[in-house]
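This report refers to the structure that appears directly beneath it.
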Amino acid sequence: MSEEKKPLNFIEHIINEDLKAGYDPAKLKFRFPPEPNGYLHIGHAKSICLNFGLGEQYNAPVNLRFDDTNPIKEEQEFVDAIKRDIKWLGFEWAEECYASDYFQQLYEWAVQMIKDGDAYVDSQPSSAIAEQKGTPTRPGTNSPYRSRSVEENLMLFEKMKNGETREGEHVLRAKIDMAHTNMLMRDPVMYRVLHKSHHRTGNKWMIYPMYDWAHGESDYIEAVSHSFCTLEFVMHRELYEWFLEKVYTQGDVKPKQREFARLNLSYTIMSKRKLAELVRQKVVSSWDDPRMPTISGLRRRGYTPASIRRFAETIGVAKRENIIDVSLLEFCAREDLNKTAPRVMAVLDPVKLVITNYPEDQEEWLEAENNPEDDSAGFRKVPFSRELYIEREDFKESANRKFFRLSLGKEVRLKNAYIIKGEDVVKDEAGNILEIHCTYDPNSRSGSGTPESQRKVKGTLHWVSIKHAVEAEVRLYDRLFEVEAPDGDKDQDFMSFLNPNSLEVVRGYLEPSMAEAKEFEQYQFQRLGYFNVDPDSKEGALVFNRTVTLRDSWAKMANS
RNA sequence: UGGCCCAUGGUGUAACUGGCAACACGUCUGAUUUUGGUUCAGAAGAGUCUAGGUUCGAGCCCUAGUGGGCCAACCA
């Protein structure tokens, strides 16, 4: 087994260096810590793949921890959705944890900090606290309550905890340094009073810990060895470590926070707030609208877990701001679907084709290969008859030699069927093509082995027998925004960059085998792209989503 | 008048303790093909933000500058 030495990212370098320095590999432990306040998106998928991938790589446990310290925004519904998405991606967590499970421990530590003179109750309104905070270039000033006695602090904190004070009346602050160059170190708030019911602790707690106080301590409680988060938390690291020192016991695992760049994808947005706005304003149908970059949206769009994991692997992990081109995501989808999706014929913009020399009442069931990339996929039968649909853009009355498709007087192969020759067109008064008439070569049937069937013709078209066709709604998606970085513009609102044509709904005609298609099944509509069955489908009323088109070098030529 | 992080082809990521800048996507050729798909073969495209320094040798180390990002929520 020759180990191809895969290049390591900086996170793996950090872990390997720790290991080399004698860190016990059995103590390695990671975690994925979402706040259950919304749906996961492809950016979270990067983090999930990173953490759980590390777990697999180092044979270490990975906890799923819900960072549920703010009852105002969090709901059980999101907890469930997050768990479903992680499972769907194919990962298993070691333990399901909640920051809210640590409220008691956190509280006890806070009391200890008050006793040690490391925390105090501030009784000013948030506006006053904000003013005293200073600015990045000006030091802050001490709160008048900063030197309260331990007894008074303890008494007030107890009242806060018991719900005997109003929201906003007091907060507990760490006593650090109001002149610190890192603004987060200027006596950060540890607890606020919230008379709100929490989705897990109900009304038990009236005080809720802030992120900085809860996160590092939660990592510590769980004995997480390496705590990876995104770049905007770099400044928090100093505070993370300061809090940790206050509760740390020699010999315990001391979690190490390190930060990586979050994922940005071109032509979409990643901010939960902005995605929520798309849903609220009904720009999209829901959080799992196939145009959304949410994991549930991608799933509904037809992306596979394998393709998303592959994507995460390909983009890598670094500390540099980045915008990944969606074409890479699309590549990953095609790469996976090409190997697995059964091929099928469907016509989405039909024009009637009549084979004038084919007997009126005749029909044949021709053999079609399910997947040329997969020998085990087998064959199926497809009905052929005198009247077919072909794609409107597959015909031109007269064409140049670059056009490999059907035109008058030229020959083309009907996939899995016969070679035909364009003979005539029937138009209405406005000049619109109503029917195309052609003749077929009866000896040219695919796979018949006759010399006629071996003839090389330039083009091959997909088609559907009109009499046998299954109708379905087909949703064709395009990028949600018209610009690469919709939320990268300081002056213009991201909503102004919306692509008005991100969804086109058409009536499609499919080969009859598709009548049996099931929810979430994926197919390649030959020459068109990959499609999957949308859960909106009803008995006899199928709905398909286009996941991604096939690569199309003809379209590129034609458009240039 | 601050602090912290970052800077490599169009995009993203590599280059183990300094040793001829690599891989993927994208782009462009050509071959194969009953999907203008797939597959295969190949090409173009950066000399690593700038200026100094250390060194036999710097994308890697040091200094300064420039550019970008983050930091003043009782959000995470």
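Order of the sequence lines sets the chain letters (A, B, ...), proteins ahead of strands, with each chain counted from 1.
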Pull out every protein N or O sitting under 3.5 Å from an N or O of nucleotides 38-49 of chain B, one pair per line with the distance.
unit_1	atom_1	unit_2	atom_2	d
U38(B)	OP2	Arg551(A)	NH1	3.2
U38(B)	O2'	Asn338(A)	ND2	3.3
U38(B)	O2'	Glu373(A)	OE1	3.0
U38(B)	O2'	Glu373(A)	OE2	3.2

Nucleotides 68-73 of chain B: which of its N/O atoms have a protein N/O under 3.5 Å away?
unit_1	atom_1	unit_2	atom_2	d
G69(B)	O2'	Glu321(A)	OE2	3.1

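Between Arg186(A) atom CZ and C4(B) atom C1' there is a gap of 13 Å when expressed in whole angstrom units. Here the P atom of nucleotide C75(B) and the NE2 atom of His198(A) are 13 Å apart, to the nearest Å. Rounding to whole angstrom units, CG of residue Leu275(A) and P of A76(B) are separated by 20 Å.
Pairs passing the salt bridge (charged side-chain N to carboxylate O under 4.0 Å, His left out) check and including a residue from residues 122-142 of chain A, sequence neighbours excluded, read Asp122(A)-Arg173(A). For residues 448-463 of chain A, the pairs satisfying salt bridge (charged side-chain N to carboxylate O under 4.0 Å, His left out) are Glu411(A)-Arg455(A), Asp441(A)-Arg455(A), with sequence neighbours left out. For residues 328-340 of chain A, every residue pair satisfying the salt bridge (charged side-chain N to carboxylate O under 4.0 Å, His left out) rule, not counting sequence neighbours, is listed here: Arg310(A)-Glu335(A).
Under the side chain to side chain donor-acceptor pair (under 3.5 Å) criterion, Arg546(A) pairs with no residue, sequence neighbours left out. Considering only residues two or more places apart in sequence or on other chains, Pro293(A) meets the side chain to side chain contact (heavy atoms under 4.5 Å, CB included) condition with Ile42(A), Thr268(A), Met270(A), Leu275(A). Partners of Trp242(A) by ring pair (Phe, Tyr, Trp, His ring centres under 6.0 Å), not counting sequence neighbours: none found. For Phe157(A), the ring pair (Phe, Tyr, Trp, His ring centres under 6.0 Å) partners are Tyr107(A), Tyr191(A), not counting sequence neighbours. With sequence neighbours excluded, no residue forms a side chain to side chain donor-acceptor pair (under 3.5 Å) with Glu74(A). Every residue two or more places apart in sequence or in another chain that forms a ring pair (Phe, Tyr, Trp, His ring centres under 6.0 Å) with Phe525(A) is listed here: Phe531(A), Phe544(A).
Using a 4.0 Å heavy-atom cutoff across all strands shown, Pro125(A) reaches at least one base atom of the nucleic acid. Among the heavy atoms of the strands lying under 4.0 Å from Thr69(A) are primed sugar atoms or P, OP1, OP2 only; no base atom is included. In this structure, Val171(A) reaches the bases: a heavy-atom distance under 4.0 Å links it to at least one base atom across the strands shown. Residue contacts for Gly140(A): at a heavy-atom cut-off of 4.0 Å it reaches no nucleic acid atom on any strand shown. Note on Phe66(A): nothing from the nucleic acid sits closer than 4.0 angstrom, heavy atoms only.
No hydrogens or angles were tested; on distance alone, nothing pairs the side chain of Arg527(A) with the base of U35(B) as donor and acceptor under 3.5 Å. One donor-acceptor pair, N or O on each side, does fall under 3.5 Å between the base of U35(B) and the side chain of Gln524(A).
Relative to the ring axis of Tyr523(A), Arg343(A) does not place its NZ or CZ within 45° and under 6.0 Å from the centre.
A salt bridge (Lys or Arg N to Asp or Glu O under 4.0 Å) with Glu232(A) holds for exactly one of Lys319(A), Arg262(A), Arg237(A); it is Arg262(A).
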Notebook entry, point to check: Using Watson-Crick and G-U wobble pairs with both distances under 3.5 Å, what is the 5'-to-3' dot-bracket string of RNA chain B, with [ ] for crossing pairs and | for pairs outside the strand?
Noted result: .((((((..((((.....[..)))).(((((.......))))).....(((((..]....))))))))))).....
